[in-house]
Structures are given as structure tokens and as C-alpha cells.
Amino acid sequence: MTSDFKIGQTLTVSAQQVNGNQLQLLVGKQVLLAEHQLNPVPKGSFQVTVKQTQPTLVLTIPKPEPSLHSSTQLSLQTGYKQSLGSQLAIHQALQRINQLPNLPQNIQTIINQLIELTLKPTPLLNGSQLKTSISNSGLFLENKLRTKSDDKKLGSDTKAQLLKLQQNTFKALEQAPSSGPLKQLSNLISQAINKLSIQQLQLFENPQLFSLELPLANQDRLESIQIEIFRKHTNPNSDWEVILQLNVENDEMVVKLTLNGEQQSLNCQIWCETDPLKQRVTRSLEQLSNQLKQLGLELTSLTVTETKPQQSNFTTQVTLIDIKV
């Protein structure tokens, strides 16, 4: 059968059936059983190149050459980044804005709304609150405008409120052009909007990674959280994995949640970088289990593991584009 193929030959194939790391390839009228390293497996027809014919047949997917469109898009993205001025994280900008004296009442009202929206600590962050925080982060304002979201949704959007504050500040500066606090306010708003615009562009360039500022009640001890969501190839509708990487008082902790929809099971593994953190987590397992129950998450198993959890084989990372927010 391998005599039918030549090295360098380009073939159009389609994956007929996928089972673990094996799939059936339809090549013309031939059906080949192959082991693969694809992540994910392409849908429909796709092209492969014959790399080797003996002792086994090896096929590879050729890398697409960068198109003129992608080069132009990259140039535009680079130019846009360079056109933006200095940047400042939203929470830092609002902390400085909140210290400005003698601001007009209408402007102070919008500032108070933004502080309530972005800086108010959340004692217990559940899935619904996380979804709301992502939606209101300002990263998706243009999509809301495109879909003609109502004023209530725009009123809780961080970028929409920043733009509203900027517009009111411009009007106030027209009436009081020498006001020092208004000038400082205008500058801080611009820096915050620039930072948010850069984050939107970074999300467009890499949908699997985005930055989100979440005010938490224990923020003095919890330094950062990275969340990765994976979906299994074999059963994409019911098998999911979530990996959380946290820094707790300078010590790393990794939590892996595995959901099997068919078996209605949810397993949790926790790995701690240091023994003191491991001991603290072990003492708090029952409390954690009870808190998850309050959020509607009934754990099948909850363990502290010696091995750092990793993404399972044959899973695909899910981006925000794949998740309805």
C-alpha cells in the first residue's frame, strides 16, 4: 500500500473516526488507520504531505505560508500599539483619580460608579460572578455595541464608563480649561483607556490568554490567578478540565478540576509548592469542599497530590471565543 505514495506528494484527506490517539484517514478510496499527534484534529477535508514511506507511512500537515493579508494586519496592529500613549492599569488609575480634589459632581458620580464596579472586593467568587466580571471588563465593549446591547449592560461595562467619564471631563475642561484636577483626570483616563485597548489587541492576537483585574477580599495574600480551560477530543460535549495556577503568599499552588458529564463526576487535585502551604491546604480541605457545595459543585474526590497536575492528553485548550460570555 505504501508503494502508492511518494515522498513530497500532497494528498487531500479527511479524518473519518477518532479514538484516543488513533484515527481513520480517508485517502481517495483507501481507509488508513493512523496514530496522530494532532491537537485538535482538523474537521472536514485537509491537505497532508508525504514525509516518509518506509518502514511506515508518515504524513504531515504543511504549515501555511503567511499571506499578504496577515502581514498587513500585523503591521496595522503594530502601528496601533505604537500610536497609543502611556498606559496605566485601571485600578491604579482609579486610585489616583479618587484622590483628585474639587471635581464636578456629575464627574464624581461616574468615578464612584467605576470604583464600585472595578475595585469593590468580592468575598466569594463563583462562576456567575466570574462570567459577569469578564463580560464587564471592557474587553468586549465593541461586541456589545455591534449586537446593540441595552443601556443597562453598557452601564456596567468598564470601558463604556471610562469613555463616558472622558466625554464629561472634556466638556468640563471646555468650561474650566485651567483646572489642574481636570487636566490630571483627563490624563489618567486616557492612560487607563490605552491600557484596556492594548489588552483588547492582545486578546485578539492570542485568544487563549488574557488579563483581567479582579478585586478579591484576600488580594493581599493572593497575588495572581491563571485559569486554563480544556476540552477532551473524544467527548467534547461532556469532558472538561480546568487548571488554576495561583501564587499564595509567594508560594505556587496548582488546582486541577476534571468534569465528566456522562458520569456526573467532578474530581479536584491540589498541588502545593511548599510543605507549609500543603499543610494549610490539607487542614482546609473540608472547608473547601463545603464552600464548593455552596456553589453547587459536589466533588467526587478531593486530594492533595505530590505531582504537579498537567493537561491530559488529547485535550484542546478552549479560548474565550469558544465560550459564550
Review point. Are more than 12 heavy atoms from other residues, nucleotides or ligands located less than 6.0 Å from atom CG of D275?
Key: no
Please report the shortest heavy-atom distance between [X] and [Y], naming the atom on each side.
X	Y	result
S197	L84	CB-CD1, 4.0 Å
S301	N267	OG-OD1, 2.8 Å
V255	C268	CG1-SG, 3.8 Å
L182	L103	CD2-CD2, 4.1 Å
A172	P104	CB-CG, 4.4 Å
W271	T307	CD1-C, 3.6 Å

Point to revise | L145/L154 under side chain to side chain contact (heavy atoms under 4.5 Å, CB included): CA gap, chis, key distance, verdict | key: CA-CA 8 Å; L145 294 173; L154 295 179; 4.0 Å; yes
Does [X] reach the side chain of [Y], with side-chain heavy atoms less than 4.5 Å apart?
X	Y	value
R96	L88	yes
I193	Q166	yes
V304	L285	yes
L173	S186	yes
L257	E241	no
Q47	I61	no
T258	L266	no
I134	K131	no

Taking [X] for its side chain and [Y] for its backbone only, find out whether a donor-acceptor pair lies under 3.5 Å.
X	Y	result
N194	S86	yes
N187	K183	no
T303	T305	no
N168	K164	yes
Q9	K6	yes
K144	S135	yes
Q87	S190	no
Q52	T56	yes
T60	K51	no

Indicate if [X] and [Y] have the same hydrophobic cluster label, given that clusters are the connected sets of ILVMFWY residues with side-chain heavy-atom separations under 4.5 angstrom.
X	Y	result
L57	L11	yes
F170	L185	no
V50	V58	no

Point to revise | Steps toward side chain to side chain donor-acceptor pair (under 3.5 Å) verdict (Q200, K159) | key: CA-CA 11 Å; Q200 286 180 296; K159 188 175 183 181; 2.6 Å; yes
**Study point:** side chain to side chain donor-acceptor pair (under 3.5 Å) between Q191 and Q92, worked out
**Key:** CA-CA 10 Å; Q191 291 183 58; Q92 293 177 331; over 6 Å; no
Practice item. Before accepting this row, confirm whether a basic side-chain N of the pair E273/K278 lies closer than 4.0 Å to the acidic partner's carboxylate O. Key: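 Result for this pair is no, no salt bridge flagged.
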Working to the nearest 0.5 angstrom, can you tell me the gap between [X] [atom1] and [Y] [atom2]?
X	Y	atom1	atom2	value
T274	N250	OG1	CG	10.0 Å
L188	Q95	CG	CD	11.5 Å
L162	I189	CG	CD1	7.0 Å
Q291	L288	CD	CG	6.5 Å
E298	S289	CD	OG	7.0 Å
L299	S265	CG	OG	10.5 Å

Practice item. Walk me through it: do L244 and V254 pass the test side chain to side chain contact (heavy atoms under 4.5 Å, CB included)? Key: CA-CA 6 Å; L244 295 88; V254 178; over 6 Å; no
Exercise for review: Output, in order, the C-alpha distance, side-chain angles, deciding distance and verdict of side chain to side chain donor-acceptor pair (under 3.5 Å) for Q161 and D157.
Suggested key: CA-CA 6 Å; Q161 289 301 302; D157 186 276; over 6 Å; no
Exercise for review: Determine, step by step, whether M253 and L277 satisfy the side chain to side chain contact (heavy atoms under 4.5 Å, CB included) criterion, reporting the C-alpha distance in whole Å, the side-chain angles of both residues, the deciding distance to 0.1 Å, and the verdict.
Suggested key: CA-CA 8 Å; M253 182 168 72; L277 179 58; 4.1 Å; yes
Practice item. Evaluate the side chain to side chain contact (heavy atoms under 4.5 Å, CB included) criterion for residues T282 and I270: first the C-alpha distance (whole Å), next the side-chain angles of each, then the deciding distance (0.1 Å), finally the verdict. Key: CA-CA 9 Å; T282 302; I270 303 175; over 6 Å; no
